[in-house]
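Step one of this worksheet: look at the structure below.
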Number of protein chains: 2
Amino acid sequence: MTDARKARLGLPQPNMADVARHAGVAIGTVSNTLNNPEKVREPTRRRVLASIDALGFVRNDAARSLAAGSSDTVGIVLVDMGNSFFVDIARGAEATLREHGMNLLIANSDIEIEKQLSYLEVFEQARVAGILLAPLDPHITKSLVSKAVSRPLVLVNYAPEDAQYAGVVADEHHGGYIAARHLIELGRRNLVFAGGPFQLQAVAERLAGVRRAVGETAGTVLSLVETTGMNISHGRTAGERIIAQEEHVDGVVAASDLVAIGIIQVLEQQPDLRIPEDIAVVGYDNNHFASESTTPVTTISQPGEEMGRAAAELLIAEIRGDGGAEKRTVVLRPHLIPRRSTIGTASPADLQNHTA
Amino acid sequence: MTDARKARLGLPQPNMADVARHAGVAIGTVSNTLNNPEKVREPTRRRVLASIDALGFVRNDAARSLAAGSSDTVGIVLVDMGNSFFVDIARGAEATLREHGMNLLIANSDIEIEKQLSYLEVFEQARVAGILLAPLDPHITKSLVSKAVSRPLVLVNYAPEDAQYAGVVADEHHGGYIAARHLIELGRRNLVFAGGPFQLQAVAERLAGVRRAVGETAGTVLSLVETTGMNISHGRTAGERIIAQEEHVDGVVAASDLVAIGIIQVLEQQPDLRIPEDIAVVGYDNNHFASESTTPVTTISQPGEEMGRAAAELLIAEIRGDGGAEKRTVVLRPHLIPRRSTIGTASPADLQNHTA
DNA sequence: GTGAAAGCGCTAACAG
DNA sequence: CTGTTAGCGCTTTCAC
């Protein structure tokens with residue numbers, strides 16, 4: 001039947017047996033030339049390779065990983081591919097994985113918990129070597145992940161509370177801190193923190209960092225503008241509320257670049273307001289367009305690629321170590337990229353940071 | 001040996017046999033409950049399902065697709081995940097695929113031909129149901145694709161010259177045309193087309209469309225500013241050259257939003273130049289931040305999601321039709337989104353388009 | 001309906 | 001080094 005089918009369809013996907021026959025060797029030798037080249041003598045190896053080429057053979061990975069019990073591709077589930085932060089994470093992870101001869105397949109859960117689970121299951125079913133997960137909602141995630149997943153798994157951008165999984169996170173608190181410090185060092189004393197909702201873990205931590213910086217410097221005051229989300233439009237709303245505010249404001253820490261951009265858009269329309277002279281604004285994330293808006297936005301750069309690399313390292317360790325190791329959480333520090341929205345055109349050196 | 005290993009590792013991945021034993025049915029029945037539920041009586045079905053749940057069984061897709069000879073996931077290789085256009089394509093494709101019960105796995109070739117090939121091979125080896133490819137370079141691609149790939153394949157964002165593959169493309173010529181028409185209708189007569197290099201297929205076609213529009217209206221002149229790339233920095237360079245130009249310029253068609261933003265940044269620094277009053281600028285791509293810069297950029301919106309959906313439809317047809325059908329190329333038209341960089345704050349209605 | 005058995009294409013012992 | 005063989009976990013006839 002098999003041969004009949006092959007004949008009928010022409011030449012559909014030759015297999016190792018075909019290659020072996022063509023090369024006049026045993027099937028095991030073909031497997032070896034591919035997986036353990038050192039076990040095959042040069043002439044034989046060349047002959048097999050030639051046959052593979054002649055027949056256009058491509059090894060069936062389903063069969064391979066079924067027989068070998070392991071695969072060399074890892075999957076990553078990203079909450080939002082539209083966010084360059086996550087794209088950076090994927091890039092970093094891929095680079096490291098590649099150095100170890102592994103491949104990265106990406107799934108976009110698009111901020112839908114259902115899709116997240118669905119793709120987790122896809123990777124699970126595919127018996128990938130391991131899974132990287134940038135989860136949607138920490139709490140929902142925790143229970144569900146353990147339910148569906150039995151592959152090695154590393155969390156990215158979320159600190160697991162239990163020691164069930166290894167993870168990589170950015171130090172949000174530190175990010176908020178250096179953002180506020182930057183403004184304070186520029187002489188600003190009446191700060192606003194804008195963003196939200198505050199229940200979001202990341203937002204809350206950034207705010208805590210800001211609070212610490214403010215608390216450290218006497219005479220500095222902080223007011224809060226909570227938004228229902230972190231997009232441009234939310235930023236505009238925040239901007240209007242900042243303008244409406246009674247107190248004089250001279251510095252803003254926005255919880256995201258989009259919020260910062262929205263705020264800047266609104267502030268710039270006020271004829272008597274200049275940025276950064278009157279109000280300096282710091283964003284967060286270093287979204288690729290934060291440097292690209294007409295008033296480049298000073299921002300806290302998430303160490304996306306590094307996080308991806310670190311996550312990949314952890315995952316590889318788990319894969320190798322057979323789950324034995326302790327589940328570490330690596331914390332990476334973001335850094336500040338000064339741009340025009342806080343330092344104006346003062347220092348031309350800031351241009352160098354645009355590519356950071 | 002198998003049982004020994006299982007005992008040693010605890011309870012690693014139960015299989016269908018385990019489920020069958022647990023449920024007191026034959027292995028084939030387990031398979032049927034999963035794939036042909038109508039062939040199994042209700043009580044049996046429930047019992048099997050319960051066992052699956054109890055054991056935490058997850059079907060091994062490697063084995064499944066090996067046995068069944070087919071998979072239900074398709075892979076897409078994207079040139080650049082950092083570009084929202086491609087992310088949109090992936091989204092569209094995923095939506096359609098999902099409606100057909102299939103999954104989408106994404107690979108990012110990151111503008112490297114080598115990675116593109118590598119991932120093509122990964123998908124090939126995984127024997128995915130089909131492949132969507134947003135290729136890097138058309139010409140290099142053509143020869144290599146046919147070499148490594150034997151799965152159903154549909155090209156996205158590139159029009160295959162031969163009828164070897166089905167494809168989906170945007171009508172670049174039309175995009176250039178409506179961009180120029182827009183400026184002409186606004187009364188602009190001294191236009192500049194900025195972008196490059198002109199060898200790029202898309203750029204050349206956009207330029208051709210611009211030329212046609214210019215040619216249609218007497219008294220309209222066009223000059224060219226060729227850049228070596230399509231980023232912000234290239235846009236800045238272009239902006240400086242536009243300023244330096246002898247002739248009076250009142251309208252610019254930029255070959256990408258990034259170029260447009262760069263140009264705008266430079267022009268806005270000229271004290272005597274207002275946008276759009278003195279110079280109106282149209283971008284291209286509707287990159288998500290074109291609406292988000294402080295001067296929102298009028299742009300030509302690539303029909304990314306539609307392209308993804310169309311590509312997925314074509315691919316599904318190929319998968320079903322066993323490659324028999326003719327290889328169609330679907331052409332989708334981009335549309336113009338008017339924003340402040342050309343129409344100013346004139347029409348508040350343009351705000352509605354920001355989300356388009 | 002349900003059960004038994006023959007592979008899917010490949011890897012990994014093991015014998016020669 | 002090279003050939004043989006026994007599965008990996010699942011789907012799919014084909015009897016019962």
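In the text below, chain A, chain B and the rest are named by the order of the sequence lines, each starting its count at 1.
For B/E42, the salt bridge (Lys or Arg N to Asp or Glu O under 4.0 Å) test picks out B/R45, B/R46, with sequence neighbours left out. Residues satisfying the salt bridge (Lys or Arg N to Asp or Glu O under 4.0 Å) criterion with B/R64, sequence neighbours excluded, are B/D61. The salt bridge (Lys or Arg N to Asp or Glu O under 4.0 Å) test applied to A/R328 returns no partner, not counting sequence neighbours.
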* **Per-nucleotide protein contact string for nucleotides 10-16 of chain C, where B marks a base within reach and S marks sugar-phosphate only (heavy atoms under 4.0 Å, - for neither)** => BBB----

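Ionic pairing of B/E99 and B/R309 is present here: one or more N-O contacts between side-chain nitrogen and carboxylate oxygen are shorter than 4.0 angstrom. Using a cut-off of 4.0 Å between Lys/Arg side-chain N and Asp/Glu carboxylate O, A/R47 and A/D53 are scored as not salt-bridged.
Screening residues 65-76 of chain B for side-chain hydrogen bond (donor to acceptor under 3.5 Å, both in side chains), with sequence neighbours left out, gives no hits.
Contact check, B/T29 against C/dT2: no side-chain N or O comes under 4.0 Å of OP1 or OP2.
Taking atom CZ on A/R21 and atom P on D/dT4, their separation rounds to 13 Å, with Å as the unit. The distance between atom CD of A/E42 and atom P of D/dT2, rounded to the nearest whole Å, is 11 Å. Look at CG on B/D18: it is 13 Å from C1' on D/dC10, rounded to the nearest Å. With rounding to whole Å, B/D72 atom CG is found 14 Å from D/dC10 atom C1'. Atom-to-atom, CZ of B/R41 to P of C/dG3 comes out at 10 Å; the value is rounded to the nearest Å. As rounded to whole Å, 9 Å separates atom P of D/dC8 from atom CG of A/L66.
Nearer to the 5' terminus of DNA chain D, by closest-nucleotide assignment, is the contact made by A/V40 (compared with the other of A/V40 and B/K39).
Across every non-hydrogen atom of A/L332 and A/P303, the tightest pair is CB-CG, 3.8 Å.
Note on the helix from C/dG1-D/dC16 to C/dG16-D/dC1: angle between the axes of the first and last five pairs equals 30°, rounded to 10 degrees.
Side-chain atoms of A/E124 and A/S150 include a donor-acceptor pair closer than 3.5 Å.
Considering only the side chain of A/A26, D/dG3 comes nearest among D/dT2, D/dG3, C/dG3.
Of the possible polar contacts, none joining the B/N36 side chain to the B/E38 backbone as a donor-acceptor pair under 3.5 Å is found.
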